[in-house]
Amino acid sequence: MTIPQIFAFGTIFFMMVAFVWGRWRYDLVAVGALLAAVAVGIVAPEDAFSGLSDDIVVIVGSALVVSAAVARSGVMEVAVRRFAPNLRTPRAQLVVLVLTVTLLSAFIKNIGALAIMIPIAFQMARKSGVSPSLFLMPMSFGALLGGLMTQIGTSPNVIVSRVREELTGAPFTMFDFTPVGATLALVGVIFLGLCYRLLPERTQAKSSLDQAIAIKNYTTEVRVPADSPSVGETVGAVQRLGGGQAMITGIIAPTGKRRLPLPDSLVQAGELLIVEGEPDALDRIVSQGKLAFSERRDQAVSSREVGVVEAVVGDSSSLVGRNAKELALFDAAGLNLLAVSRREKRLTDRLGEIRFQVGDVLVLQGDLDTLPERLRDWNCLPLVERNLTIGSFRNGIIPVVILVLAMGSTALGLVSVPIAFFTAAVLMVVTRTVPIRDVYSHIDAPILIMLAALIPVSDSLRTTGATDLIANWLSSTASVLPAYGALALILVVAMAVTPFLNNAATVLVMAPIAATFAADLGYQPEAFLMAVAIGAGSDFLTPIGHQCNTLVMGPGGYRFGDYWRLGLPLSLLVILVSVPMLLLVWAL
């Protein structure tokens, strides 16, 4: 073993120890490992920042924007309500989510399938009152398992099919992977449904400030248009759109007469509804019920930087004792008043007639370039930005169409995955599905920095010849093992190597090795090539081996060491099931 190889193994070993220890944040550990690798000479200075342009960084960053756009559109909320209205227990929700993403991943790129389902996972987590972390990692693992079922499900399958063609003249077909892959997927879904509690509940670190200032009793006023699907529905049915987090506190007829909002009362066209609840719940009621904010005037809001902010009325504010109508908020300041919250007080007056008091929290929509100056003039204190969607512009089905087109173009081989997802992210901004000012808040910078730093560090195994050392050891060890032992060894080594070489590189390194010693031992190469593909596509131990695992790390609030808690038993299960299935399906 040469000095550079020792340095390569040593750097990665100490990096993994630091990751598992968890004393320092994962991006800091990755950057430290990169600097150490440059210092000892196993990464050339000119290659130190090559990871910033790597396809994986582009795919993960773009997928985060695309997933946020799909979530913001509200389409997923409608899907949950229509297709899974009564799923309220975490286990039932998890099984449906994992099974869906697993089946989708068999026919479309697994990160695309995961991006579609992440918003639904958040909606289901909110409905059942649990952390999304209970769902996201099992869904990522389900996406990896689903990719094993077909030739197009994941990159390792495509590459190993090409290797077989070079060796035998015939590639693997589309469904050659299905017998073993479907068995693994079925066993994996059952395992995840039964053992998901091995995973600790986590919360996003960046969401803690939002939770600290959480305000639950916003009051708004909406009008029921004639073409609204809420017309003729009961009050209870409209309230259910808010998932139990909002209620109608008053109904005002077009004549000005009030009536009690009894649960079985029917909502009529032209009526005004006084609604109280959390901002997200109010937003769902308005968007899904096709209701209109009575105090909002969209046609006059011309700024391209229109946004929604929360502000607290200060002690000496000029707003105290006055209401929105007297202030002519829109005509004088170009602002829409969307909602008001008063501590420990239920507001039943019309929104424009509520007289503001010290401590009231106002939800205002307007030009974000001029809003801060207006709030200073009124002595109002802006709250920390929380990306409220209440009253925001929506594009409905457009983000889903963009995502489907992106995944379809990759499945047909028209464009590469990075180009498809990057284009999709740009189109989300162009169509205003995600406001341009919010784009960078959805890109999880620590995750991308970690990936960019780890790519050249991991590649040092190849550049120093450490992978050749592994290959020689593997060949000598496998020669003294029985068939099932050699097959298991190939599978385990592929699993162990894929976090550091990425799954495609693992296949390129391991497939020729597997085929060579299969021939040396007098075996057919198919089972060994399949073992390489399964091992390369089954990284359940780290967030760095596959972009699906990386994608859920930030939204799930996971730590590096969380992955092995659920991933280690799943990896052992994959090994135990794969080896006999490969021997059964592919004759040696």
*Asks:* Got Val224 and Val231 here, is their nearest side-chain heavy-atom distance under 4.5 Å?
*Replies:*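 Side-chain contact under 4.5 Å: yes.
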*Asks:* With a 4.5 Å limit on heavy-atom distance, are the side chains of Tyr218 and Val361 in contact?
*Replies:* yes
*Asks:* Between Leu52 and Val57, is any pair of side-chain heavy atoms under 4.5 Å apart?
*Replies:*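 No, too far: nothing below the 4.5 Å cut-off.
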*Asks:* When rounded to the nearest 0.5 angstrom, what distance separates NZ in Lys345 from CD in Glu276?
*Replies:*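 Atom-to-atom, Lys345:NZ and Glu276:CD are 11.0 Å apart.
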*Asks:* Could you tell me whether Arg374 and Asp377 make a salt bridge, using a distance below 4.0 angstrom between a side-chain N and a carboxylate O?
*Replies:*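 Salt bridge absent between Arg374 and Asp377.
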*Asks:* Flag the pair Met137 / Arg565 as yes when at least one side-chain heavy-atom distance between them is below 4.5 Å, and no otherwise.
*Replies:* no
*Asks:* Does any N or O in the side chain of Asn549 come within less than 3.5 Å of the main-chain N or O of Thr542, such that one atom is a donor and the other an acceptor?
*Replies:*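 Yes, Asn549 side chain to Thr542 backbone: donor-acceptor pair under 3.5 Å.
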*Asks:* For Phe421 and Val58, run side chain to side chain contact (heavy atoms under 4.5 Å, CB included): C-alpha distance rounded to whole Å, both residues' side-chain angles, the deciding distance at 0.1 Å, then the answer.
*Replies:* CA-CA 8 Å; Phe421 271 85; Val58 176; over 6 Å; no
*Asks:* Check whether any side-chain heavy atom of Leu364 sits under 4.5 Å from a side-chain heavy atom of Leu375, and report yes or no.
*Replies:*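 Touching, per the 4.5 Å side-chain cut-off.
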*Asks:* Could you measure the distance from the CG atom of Leu371 to the CD atom of Gln365? Nearest 0.5 Å is fine.
*Replies:* 9.5 Å
*Asks:* Test your reading of the model: is there a side-chain donor-acceptor pair from Ser265 to the backbone of Pro261, 3.5 Å cut-off?
*Replies:* no
*Asks:* To the nearest 0.5 angstrom, please state how far the OG atom of Ser140 sits from the OH atom of Tyr558.
*Replies:*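 It is 8.5 Å, given to the nearest 0.5 Å.
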*Asks:* Is the backbone N or O of Ala425 less than 3.5 Å from a side-chain atom of Ser62, with the two atoms forming a donor-acceptor pair by type?
*Replies:* no
*Asks:* Quick check against the 3.5 Å criterion: does Asn336 have a side-chain atom that pairs as donor or acceptor with the backbone of Leu338?
*Replies:*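 No; judged by distance alone, with no hydrogens or angles, the pair does not exist.
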*Asks:* Looking at Val415 and Ala420, what are the two nearest heavy atoms and their distance?
*Replies:* CG2-CB, 3.8 Å
*Asks:* Do the side chains of Asp349 and Asn323 get nearer than 4.5 Å, heavy atoms only?
*Replies:* no
*Asks:* Does a side-chain heavy-atom distance below 4.5 Å link Met139 with Leu114?
*Replies:*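 Answer yes - side chains close enough.
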*Asks:* As an exercise, state the distance from CE of Met117 to CG of Leu136, rounded to the nearest 0.5 Å.
*Replies:* 11.0 Å
*Asks:* Restricting to non-hydrogen atoms, name the atom on Pro254 and the atom on Ala269 that form the minimum distance, rounded to 0.1 Å.
*Replies:*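 Minimum heavy-atom separation between Pro254 and Ala269: CG-O, 4.4 Å.
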*Asks:* For Pro138 versus Leu94, what's the shortest heavy-atom pair and its separation?
*Replies:* CG-CD1, 3.8 Å
*Asks:* For residues Ala143 and Cys548, report the shortest heavy-atom separation together with the two atoms involved.
*Replies:*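 Looking at all heavy atoms of both residues, the shortest contact is CB-SG, 4.2 Å.
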*Asks:* Within this structure, what is the OG1-CG distance for the pair Thr234 and Leu266, rounded to the nearest 0.5 Å?
*Replies:* 7.0 Å
*Asks:* I'd like to know if the side chain of Ser228 and the backbone of Leu291 have a donor-acceptor N/O pair within less than 3.5 Å.
*Replies:* no
*Asks:* Does the Gln239 side chain pair with the main chain of Ile248, one donor and one acceptor, at a distance under 3.5 Å?
*Replies:* yes
*Asks:* Looking at Asp360, is its backbone amide N or carbonyl O close enough to the side chain of Arg342 to form a donor-acceptor pair, meaning the two atoms are under 3.5 Å apart?
*Replies:* no
*Asks:* Tell me if a side-chain donor or acceptor on Gln245 pairs with a main-chain N or O of Glu278 at a distance below 3.5 Å.
*Replies:*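 Not at all, since once roles are kept as given, no pair shorter than 3.5 Å links the two residues.
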*Asks:* Using a 4.5 Å cut-off on heavy atoms from C-beta on, say whether the side chain of Ser105 contacts that of Val101.
*Replies:* yes
*Asks:* What distance separates Glu221 CD from Glu353 CD, expressed to the nearest 0.5 Å?
*Replies:* 8.0 Å
*Asks:* Stepwise, does the side chain to side chain contact (heavy atoms under 4.5 Å, CB included) test hold for Tyr563 with Val552?
*Replies:* CA-CA 11 Å; Tyr563 285 77; Val552 301; 3.9 Å; yes
*Asks:* Within a reach of under 6.0 Å around CZ of Arg355, are more than 12 heavy atoms found that belong to other residues, nucleotides or ligands?
*Replies:*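 Counting other residues, nucleotides and ligands, CZ of Arg355 exceeds 12 neighbours.
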*Asks:* Are there over 12 heavy-atom neighbours, none belonging to Asp264, within less than 6.0 Å of that residue's CG?
*Replies:* yes
*Asks:* Between Gln288 and Arg240, is a side chain to side chain contact (heavy atoms under 4.5 Å, CB included) present by the stated rule, with each step listed?
*Replies:* CA-CA 11 Å; Gln288 296 176 28; Arg240 281 194 292 273; over 6 Å; no
*Asks:* Grab the two heavy atoms, one from Trp378 and one from Ser318, that are nearest each other, plus how far apart they are.
*Replies:*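 Here Trp378 and Ser318 meet closest at CD1-OG, 3.5 Å.
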*Asks:* Run the numbers on Leu337 and Phe356 for side chain to side chain contact (heavy atoms under 4.5 Å, CB included), then give the verdict.
*Replies:* CA-CA 12 Å; Leu337 176 66; Phe356 304 132; 3.9 Å; yes
